[in-house]
Asks: 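Encoded as C-alpha cells, here's the structure I'll be asking about.
Along the sequence shown, residues carry numbers from 1.
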Amino acid sequence: MRSPAVRMFHRLEGLFCVYKPAGVHWKLLRDTIETNLLKGVNDTPAPPLTHEVRFLPNPNNQPKASGGLMLRPVSVPVLSKHPLVTGPEFQHLKVGVGHRLDASSSGVLVLAVGNGNKILNDLYGIRTTRDYTLEGEFGMATHDFTHTGRVVERSTYDHITQEKMESVLAMLEGANQKALRMYSSVDMNSQEAYELAVKGLLGPDGKSVPILTGLRCIRFQPPHFTLEVQCLNETQKYLRKVVHEIGLELRSTAACKGVRRTRDGFFTLQDALTRNHWSAADILQAVQKYRSKKNKKKSSRTLTDKAMLQTSEETLAVSQENKADKEETPTEVQCN
C-alpha cells in the first residue's frame, strides 16, 4: 500500500507554468519550487507505525521461588520505521524546465514534475510557437542591445513615424515567412503543405535559425514602442537584436528595455502561478487543471471526428439513394 506522500507525489506529476520575474535566474526559481514541493510532499500525514509483539516482564509480578519471571505479550510500535529515525520519505524531487528565460527576462516558464518531464520533451518535439512583448526605446544603441548596457551610439528619432515602423515590420515578417518555407522539408506545392499551414503546423524540422512567424507594433509613443512577436527557436538575445535592427532600418538606433513571454505553447499568462502561489497545493491545482484541459481537448477532438465521419456516411448514403432512383426511373422516349 502506497503511503500518503507517494500518492501526493503521483498527483503532482505533470506540467504547469509559473511567472518568472525579471532579475531572477531560472535555476533559483526551479530550486525554490523543488524545495516547496519537497516540503509539501513530506508534510503529508505519515502512515501509522506498524506494531510487533514482544514478551516483556510484568513489573508488578513477584518472582517465583524457582527464580523465574512471568512474561506477558505486549504490542509495541516499530521505532525503526518512525519518521524521526528514517528521515523524510522524499529526499529529492526532479523538476524539469522547458524553454528557459534569461535572468533579465520575465514571463511564462513551463515546468514539469516526475513523469511530466517526458511529456515536456514530447511537447517541445512538435512545432509550437511562443509569444513575446518587447519594450523598445529609440535614440541609443548599446553593446548588448539592452537599455542598461554600455552606450555605443546615440541618434535622433524625430523622423520616425508609425507608418514607417509598420513598413519595416512588414518587411521583416515577409523575410521570416520566406525562411519558414525554406527550412520546412515539405513541398510548398503539395496538399500536405496546405493542410499543415491551415493547422498552423508548418515550420522547420528540428533546430533551425530563429524565425519570426508574426510581428506587429501594439504601442507607438516615440521614443518608446512595444512589439508583439510570435516566433520559433528564438533566444532572448536574438529578440533584443531584432529591436536593434529595427532601429537601424529606420535610420536610427534602438535598445530593448524588456522581454516578456506571454505564451509558451498551450500555456498563457492566465495559467502562470505568481511568486505567492509556488506552494505544493497551488501547483497541484495547476497540474490538475492542465490535465482536465488536455482531456477536454481530446474528447472534443474525438467528438469532432465522429461527427465528420457520420456526416460523410450520411452524404454517401444520400448519393447512393439518388443514384438508385435514377436507375429505377424509366427513360422517356420522344416519338416524332
Side-chain angles (χ1 to χ4, degrees), residues 11-41 93-114 116-117 119-121 123-124 128-136 145-148 210 212-216 218-219 224-240 242-243 256-294 297:
R11 292 175 62 194
L12 281 169
E13 288 186 308
L15 300 181
F16 65 99
C17 71
V18 299
Y19 186 88
K20 190 192 90 65
V24 177
H25 199 280
W26 65 266
K27 288 184 178 179
L28 178 61
L29 184 148
R30 181 197 60 188
D31 294 344
T32 302
I33 290 179
E34 283 185 355
T35 302
N36 294 344
L37 290 178
L38 277 173
K39 185 177 183 300
V41 169
L93 193 147
K94 175 65 175 177
V95 175
V97 183
H99 291 105
R100 299 168 183 172
L101 289 168
D102 57 24
S104 57
S105 302
S106 63
V108 177
L109 182 65
V110 180
L111 303 174
V113 181
N117 288 280
I119 304 175
L120 189 64
N121 293 332
L123 178 64
Y124 291 127
T128 57
T129 59
R130 286 166 291 282
D131 294 358
Y132 291 84
T133 55
L134 308 179
E135 300 288 340
F145 313 126
T146 67
H147 72 293
T148 57
L212 306 179
T213 59
L215 182 63
R216 69 189 185 99
I218 59 177
R219 186 176 70 95
H224 305 288
F225 61 93
T226 304
L227 303 178
E228 187 178 71
V229 181
Q230 293 83 39
C231 47
L232 288 166
N233 301 329
E234 82 293 341
T235 63
Q236 288 78 59
K237 184 177 181 180
Y238 169 77
L239 295 176
R240 296 185 185 98
V242 168
V243 174
C256 185
K257 297 185 65 177
V259 177
R260 184 187 188 212
R261 183 188 289 163
T262 58
R263 182 183 64 83
D264 189 351
F266 305 110
F267 296 94
T268 62
L269 285 174
Q270 288 72 25
D271 304 317
L273 299 176
T274 56
R275 194 165 191 168
N276 296 329
H277 296 87
W278 292 353
S279 62
D282 292 323
I283 292 174
L284 175 61
Q285 186 176 358
V287 170
Q288 299 298 328
K289 181 180 177 182
Y290 168 75
R291 288 178 181 174
S292 62
K293 186 186 298 185
K294 188 177 179 182
K297 287 184 178 179

Asks: Treating Arg261 as the side-chain partner and Val108 as the backbone partner, does any N or O pair qualify as donor plus acceptor under 3.5 Å?
Replies: yes
Asks: Side-chain polar contacts of residues 95-104 - donor-acceptor pairs under 3.5 angstrom, sequence neighbours left out - could you list them?
Replies:
| from | atom 1 | to | atom 2 | distance (Å) |
| --- | --- | --- | --- | --- |
| His99 | ND1 | Arg130 | NH1 | 3.2 |
| His99 | NE2 | Arg130 | NH1 | 3.2 |
| Asp102 | OD1 | Ser105 | N | 3.1 |
| Asp102 | OD1 | Ser105 | OG | 2.5 |
| Asp102 | OD1 | Arg240 | NH2 | 3.3 |
| Asp102 | OD2 | Arg240 | NH1 | 3.1 |
| Asp102 | OD2 | Arg240 | NH2 | 3.3 |
| Ser104 | OG | Arg240 | NH2 | 2.8 |

Asks: If you draw a 6.0 Å radius around CD in Gln285, do more than 12 non-hydrogen atoms from other residues or ligands fall strictly inside?
Replies: no
Asks: Residues two or more places apart in sequence or in another chain: which of them pass ring pair (Phe, Tyr, Trp, His ring centres under 6.0 Å) with Phe267?
Replies: Tyr290
Asks: Just by distance, do the side chain of Arg30 and the backbone of Thr32 share a donor-acceptor pair under 3.5 Å?
Replies: no
Asks: Keeping the roles fixed (side chain from Asp31, backbone from Leu28), state whether a donor-acceptor pair exists under 3.5 Å.
Replies: no
Asks: Closest heavy-atom contact between Thr213 and Cys231?
Replies: OG1-N, 3.8 Å
Asks: Do Val259 and Tyr132 come within less than 4.5 Å of each other through their side chains, counting heavy atoms only?
Replies: yes
Asks: Got a sec, which residues hit salt bridge (Lys or Arg N to Asp or Glu O under 4.0 Å) with Lys39, two or more places apart in sequence or on another chain?
Replies: Asp43
Asks: With side chains defined as the heavy atoms from C-beta onward, is the minimum distance between Thr268 and Asp271 less than 4.5 Å?
Replies: yes
Asks: Can you check whether Val229 reaches Glu234 side chain to side chain, under 4.5 Å on heavy atoms?
Replies: no
Asks: Tell me whether Glu13 contacts the main-chain N or O of Val287 through its side chain, where contact means a donor paired with an acceptor under 3.5 Å.
Replies: no
Asks: Could you tell me the separation between the SG atom of Cys17 and the CG atom of Leu109, rounded to the nearest 0.5 Å?
Replies: 8.5 Å
Asks: With sequence neighbours left out, write down each residue that passes side-chain hydrogen bond (donor to acceptor under 3.5 Å, both in side chains) with Glu135, or none if nothing qualifies.
Replies: Arg219, Thr226
Asks: Restricting to non-hydrogen atoms, name the atom on Leu239 and the atom on Leu134 that form the minimum distance, rounded to 0.1 Å.
Replies: O-CD1, 3.8 Å
Asks: Which residues pass the side chain to side chain contact (heavy atoms under 4.5 Å, CB included) test with Arg260, sequence neighbours left out?
Replies: Tyr19, Ser106, Thr133, Leu269
Asks: Quick one: CZ on Arg11 to CG on Leu284, what's the gap to the nearest 0.5 Å?
Replies: 4.5 Å
Asks: Which residues pass the ring pair (Phe, Tyr, Trp, His ring centres under 6.0 Å) test with His147, not counting sequence neighbours?
Replies: none
